[in-house]
Amino acid sequence: MLHHNPKWLWKHCKHVIPPPNELMSLVKEVYSTYGPLKDAKTGVPLFNDVAWEATKNVLKVIQQGLVSDPPGVPLYYAYGTDKDGLTLYRCACGTNSTEGGVHRPIRALMPKSGASPRHAHMALLDFILKHNLQVGTYNWTARLIVPTSHVITGWVNGDLYSPTTEVLGILPVPGSIQAEVGMTEFNPDSLDAGQHQHRYLAKVQNTCFAVISVHSKAEKDLFSEMMAKNSFSPSGNGLPNWKHGAKIWNEKANGSTIFYKLHEHLRAYHTEWVSIANQKLTQAQSKEICQAVDKRIRSEQ
């Protein structure tokens with residue numbers, strides 16, 4: 001059955017990944033057996049030096065117990081029966097349910113380009129609602145569509161419980177982080193639709209101005225100016241202190257051309273800024289040579 005119809009077996013039988021002390025020796029034996037095997041034509045072993053280094057990482061993860069089933073935690077649950085009345089099981093272990101059930105479909109649903117943060121946020125929430133309804137129905141009945149005559153037993157009305165405080169989609173910036181980098185909380189009265197941009201984003205982030213990465217010309221110019229003035233290095237040693245820099249940056253935010261930043265935004269753009277600065281310096285140093293060559297190429301003689 002395992003060779004002829006493995007899918008049937010996976011659906012009807014529970015599987016167990018042994019604890020580290022058992023799994024470790026089995027995996028080591030597989031590596032030591034198959035790793036040195038050589039190709040009949042080239043004589044090259046199956047595992048090269050890089051592969052052997054990778055096996056060390058795998059064995060380390062196994063030793064830490066990250067591969068084995070957690071003790072006392074049921075990973076399988078029944079979600080229906082087949083035509084013969086046999087129980088069907090689903091396993092909560094692994095990432096197949098998120099990769100194939102969420103990540104791939106969500107890419108097709110989300111807007112491709114030109115979408116505002118609000119549009120993308122609403123599309124995400126719409127997908128979550130539909131996905132939860134479909135998955136919940138399938139897990140209870142083993143059917144994607146439930147006929148009106150079918151009665152779901154054991155169903156619990158989620159509205160009877162206290163609403164969750166979990167936030168889906170765009171997350172608000174915690175007050176502690178806002179205070180750390182000099183942000184202020186969202187105030188609808190201070191946002192003039194004619195002057196401030198990304199008002200919806202600022203609202204859901206609970207910040208006075210939207211928190212977004214360095215993107216506009218004004219922000220790139222401000223970053224270069226602050227780098228030139230060594231504003232990101234309060235100690236004067238040339239090493240940036242991004243948390244300190246974020247606080248100075250946010251003092252200059254206006255919600256129109258300059259927006260709030262976390263220190264991660266500034267650190268990420270610094271990598272790009274260094275690359276651009278290096279390109280400009282290289283072009284400046286080779287300008288005369290390039291102009292001379294270009295002049296000879298374009299000369300009529």
Where [X] and [Y] come nearest, the two heavy atoms and their spacing:
X	Y	result
A123	L109	O-CD2, 3.6 Å
W249	E219	CH2-O, 3.3 Å
P172	N206	CB-CB, 4.3 Å
A210	A202	N-CB, 3.7 Å

Can you confirm whether more than 12 heavy atoms, excluding those of D49, are under 6.0 Å from its CG atom? no
Counting only heavy atoms not in I289 (residues, nucleotides, ligands), do more than 12 fall under 6.0 Å from its CD1? no
If I take atom [atom1] from residue [X] and atom [atom2] from residue [Y], how far apart are they, to the nearest 0.5 angstrom?
X	Y	atom1	atom2	answer
F259	C208	CZ	SG	11.5 Å
S231	H244	OG	NE2	7.5 Å
N241	L266	CG	CG	11.0 Å
I62	E22	CD1	CD	12.5 Å
Y269	M227	OH	CE	10.5 Å
Q197	S216	CD	OG	8.5 Å

Can you check whether [X] reaches [Y] side chain to side chain, under 4.5 Å on heavy atoms?
X	Y	result
K38	V44	no
I106	H131	no
L168	L124	no
R118	V204	no
K11	Y89	no
F127	P105	yes
S224	D221	no
W10	C91	no

Step by step, would you call M183 with V211 a side chain to side chain contact (heavy atoms under 4.5 Å, CB included)? CA-CA 10 Å; M183 297 180 182; V211 183; 3.9 Å; yes
Donor-acceptor contact present, side-chain [X] to main-chain [Y], <3.5 Å:
X	Y	value
K261	I212	yes
S32	E29	yes
N250	A246	yes
N254	T257	yes
Q178	T207	no
D39	K41	yes
H12	L9	no
H121	H119	no
Q205	L171	no
Y31	L26	no

Common cluster, [X]/[Y], ILVMFWY with side-chain heavy-atom separation under 4.5 Å:
X	Y	value
V274	L281	no
V167	L129	no
F47	V27	yes
I17	M24	yes
L222	I276	no

Going by atom types only, do T184 and N187 share a side-chain donor-acceptor pair under 3.5 Å? no
Answer with yes or no after comparing the ring centroid distance for [X] and [Y] against a 6.0 Å cut-off, counting only values under it.
X	Y	value
W242	H270	yes
Y260	F209	yes
F223	F232	yes

Taking only residues two or more places apart in sequence or in another chain, which ones pass salt bridge (charged side-chain N to carboxylate O under 4.0 Å, His left out) with K130?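 Result, salt bridge (charged side-chain N to carboxylate O under 4.0 Å, His left out) vs K130: D126.
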Run the side chain to side chain contact (heavy atoms under 4.5 Å, CB included) test on L86 and W8 for me, step by step, so that the C-alpha distance in whole Å, both residues' side-chain angles and the decisive distance to 0.1 Å come before the verdict. CA-CA 11 Å; L86 299 176; W8 186 94; 3.8 Å; yes
Scan residues 54-73 for pairs that pass side chain to side chain donor-acceptor pair (under 3.5 Å), counting only residues two or more places apart or in two chains. E53-K56
Which residues pass the side-chain hydrogen bond (donor to acceptor under 3.5 Å, both in side chains) test with T282, not counting sequence neighbours? none
Please report the C-alpha distance between K220 and W273 in whole Å, then the side-chain angles of each, then the deciding distance to 0.1 Å, and finally whether the side chain to side chain contact (heavy atoms under 4.5 Å, CB included) criterion is met. CA-CA 9 Å; K220 293 178 180 179; W273 182 86; over 6 Å; no
May I ask you to say whether K247 pairs ionically with E180, meaning some side-chain N is under 4.0 Å from a carboxylate O?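 Result for this pair is no, no salt bridge flagged.
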Does E225 come within less than 4.0 Å of K229, counting only side-chain N to carboxylate O?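 Looking at K229 together with E225, the answer is yes, because their closest N to O distance falls below 4.0 Å.
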